[in-house]
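Read through the structure below, which is laid out as structure tokens, and then see the notes.
First listed ligand is number 1; within each ligand, the first listed atom is number 1.
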Amino acid sequence: MSLANGRAYLAIPGPSVMPEEVLRAMHRAAPNIYEGDLIEMTAGLIPDLRAVARTQGDVAIYIANGHGAWEAALANTVSPGERVLVPATGRFGHGWAEVAQLRGIAPEILDFGKRAAIDLNQVEATLRADKDHAIRAVLATHADTSTSVLNDIAGLRAVLDATGHPALLMADCIASLACDRFEMDAWGVDVMVAASQKGLMVPPGLGFVFFSEKAAAARARMERVSRYWDWTNRADPQMFYQYFGGTAPTHHLFGLRAALDLIADEGIEAIWHRHEVLARAIWAACETWGEVGPLELNIADPSLRSRAVTALRIGAPHGSALRQWVQDNAGVTLGIGLGMAEPGDPVWHGFFRIGHMGHVNAHMILGALGAIEAGMQALRIPHGQGGVAAAAAEVARGSTLAG
Ligand SMILES: *Cc1c(COP(=O)(O)O)cnc(C)c1O
């Protein structure tokens, strides 16, 4: 017997829940890629993507996941043999550095561990020490999905400006876009990478690279960029196929159109507010549970937490046991702990994450939290009483604040 039958909630940090509108928009026969609806619709995606990223800059779209967007950002801006600075705050920071390294770029990693944000003072010291400006770019993860830390991207711009360092500021917003507040132009970001399957609520398969005029100038100085990764024609196509360097990702584009309509209807400020309130509800539950027993938020300081994903520590084997319980008994799938321990190490079973990005609302979050609380009871994991009630109080409070 199971209590899991009914609408399931995939509460992992990507792929995220897809709205019915997105699914319906994709359910259609293959469209003509030479004329008609698709051609007319695609041009209209660009201003709406810019609005979500809060930029007047350009955007190139790739048939790729986030890893492809990482690759594209570097392919257009940094040559083999050049240096980049990577302040890393989790698995994804290191992942981008690895991509750079394998492209023949020399990444200098400032490792802030798994439980802290970027220390701007250390970044500043490193930039000041780079007197001949060999560092071409700073590669920062806005929300690192493994640790759920939220980094201060505007603060990095301030450090670059204070030191007079010309490096490009690049931000990985794959987890954070349309969840955590992000202002590409106001924060002085030169390159921003995103992907379709998180806050944008579309299946995995679209990678986005937004870039500023300064980044376009860096592209112009590159000795060569491979045809596929070159963002020039993608951002300013003379022919339709140039948007995608080949056949368009037809159905993803219809899905994206529907998602951008949902985002425009709700409004980006309201979306950020919804993510904020729902994140606060999750934190309140977890803090209450953590008053007794092993559960702990990975990031202690609320001001450094992402509103898209929450990483938790609960000790082995409770993390894996709890994930299994809520999936089997309540229809909620939680995220594994990523990058916290090596798979195969028993310690690996002591972590989990809650994805709360995109198409999520109060009843989904309260339901997921109720399922987690039931799981801790069933598995006899010690925890403080009243977690769900604390979350409900946050939802009640958040509903009265202006969105
Ligand atoms: C998901 C994610 C990635 C990787 O994206 P893929 O689509 O899995 O390649 C990179 N960075 C961050 C911050 C992410 O959340």
Side-chain angles (χ1 to χ4, degrees), residues 10-18 53 60-75 84 86-103 107 109 112 114 117-118 137-153 156 169-182 184 189 191-210 229 249 252 255-256 259 275 279 298-299 304-311 333-340 351-358 360:
L10 183 68
I12 68 175
S16 64
V17 175
M18 287 182 282
I61 309 177
Y62 296 84
I63 300 186
N65 56 20
H67 282 70
W70 276 346
E71 194 95 40
L74 292 169
V84 294
V86 186
T89 56
R91 184 64 216 119
F92 289 97
H94 290 283
W96 205 0
E98 285 160 16
V99 169
Q101 181 137 39
L102 291 166
R103 295 189 62 80
I109 298 175
F112 297 105
K114 296 170 181 168
I118 294 170
V138 177
L139 276 46
T141 313
H142 187 211
D144 196 301
T145 321
S146 62
T147 56
S148 70
V149 74
L150 186 71
N151 286 305
D152 178 3
I153 302 296
L156 285 170
L169 176 56
M170 300 199 191
D172 172 349
C173 293
I174 296 170
S176 60
L177 190 69
C179 302
D180 288 295
R181 176 178 290 277
F182 177 79
M184 178 159 172
V189 174
V191 177
M192 186 270 274
V193 298
S196 50
Q197 78 276 20
K198 300 195 183 179
L200 293 177
M201 309 177 288
V202 174
L206 297 178
F208 304 93
V209 181
F210 296 81
W229 289 128
H252 280 73
L256 180 63
H275 281 82
N298 186 54
I299 301 298
L304 303 181
R305 291 179 194 151
S306 166
R307 277 80 173 157
V309 53
T310 298
T333 300
L334 300 169
I336 60 169
L338 192 69
M340 291 298 183
F351 305 89
F352 67 100
R353 290 174 301 160
I354 305 172
H356 37 102
M357 46 181 54
V360 283

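Within the 4.5 Å cutoff, the side chain of L334 has no heavy atoms near those of the R353 side chain. M357 places a side-chain heavy atom less than 4.5 Å from the side chain of P13.
Residue contacts with ligand 1 include Q197, since one of its heavy atoms falls under 4.0 Å from the ligand.
Expressed to the nearest 0.5 Å, how far CG of L74 lies from CG of L102 amounts to 11.0 Å. Rounded to the nearest 0.5 Å, atoms CD1 (I336) and CD1 (I12) are 8.5 Å apart. For the atom pair NE2 of H94 and OG1 of T89, the computed distance is 8.0 Å after rounding to the nearest 0.5 Å.
If you number the atoms of ligand 1 from 1 as listed, the ones under 4.0 Å from a heavy atom of A175 come out as 15 (O). Near T141, meaning under 4.0 Å from one of its heavy atoms, ligand 1 places the atoms 13 (C). Interface atoms of ligand 1 facing T145, defined by a heavy-atom separation under 4.0 Å, are 12 (C), 13 (C), 14 (C), 15 (O). Close approach to A143 involves these atoms of ligand 1, each under 4.0 Å from a residue heavy atom: 13 (C). Counting atoms of ligand 1 from 1 in the listed order, those under 4.0 Å from a heavy atom of H67 are 4 (C), 6 (P), 8 (O), 9 (O). Per-residue contacts place G66 under 4.0 angstrom from the following atoms of ligand 1 (heavy atoms of the residue considered): 5 (O), 6 (P), 7 (O), 9 (O). When each atom of ligand 1 is checked for a heavy atom of N65 under 4.0 Å away, the hits are 6 (P), 7 (O), 9 (O).
Between W229 and Y62, the angle of the ring planes lies from 30° to 60°, which puts this pair in the tilted group.
Ligand 1 has no N or O atom lying under 3.5 Å from any N or O atom of W70, backbone or side chain. In terms of polar-atom proximity, defined here as any N/O pair under 3.5 Å, D144 makes no such contact with ligand 1.
A donor-acceptor contact shorter than 3.5 Å links the side chain of R305 to the backbone of I299.
When heavy-atom distances to ligand 1 are checked against a 4.0 Å cut-off, K198 comes that close only through its side chain, counted from C-beta outward.
Using a cutoff of 4.0 Å between basic side-chain nitrogens and carboxylate oxygens, R91 and E98 are scored as salt-bridged.
Atom 11 (N) of ligand 1 has D172 OD2, 2.7 Å as its closest protein atom, hydrogens excluded (heavy atom only).
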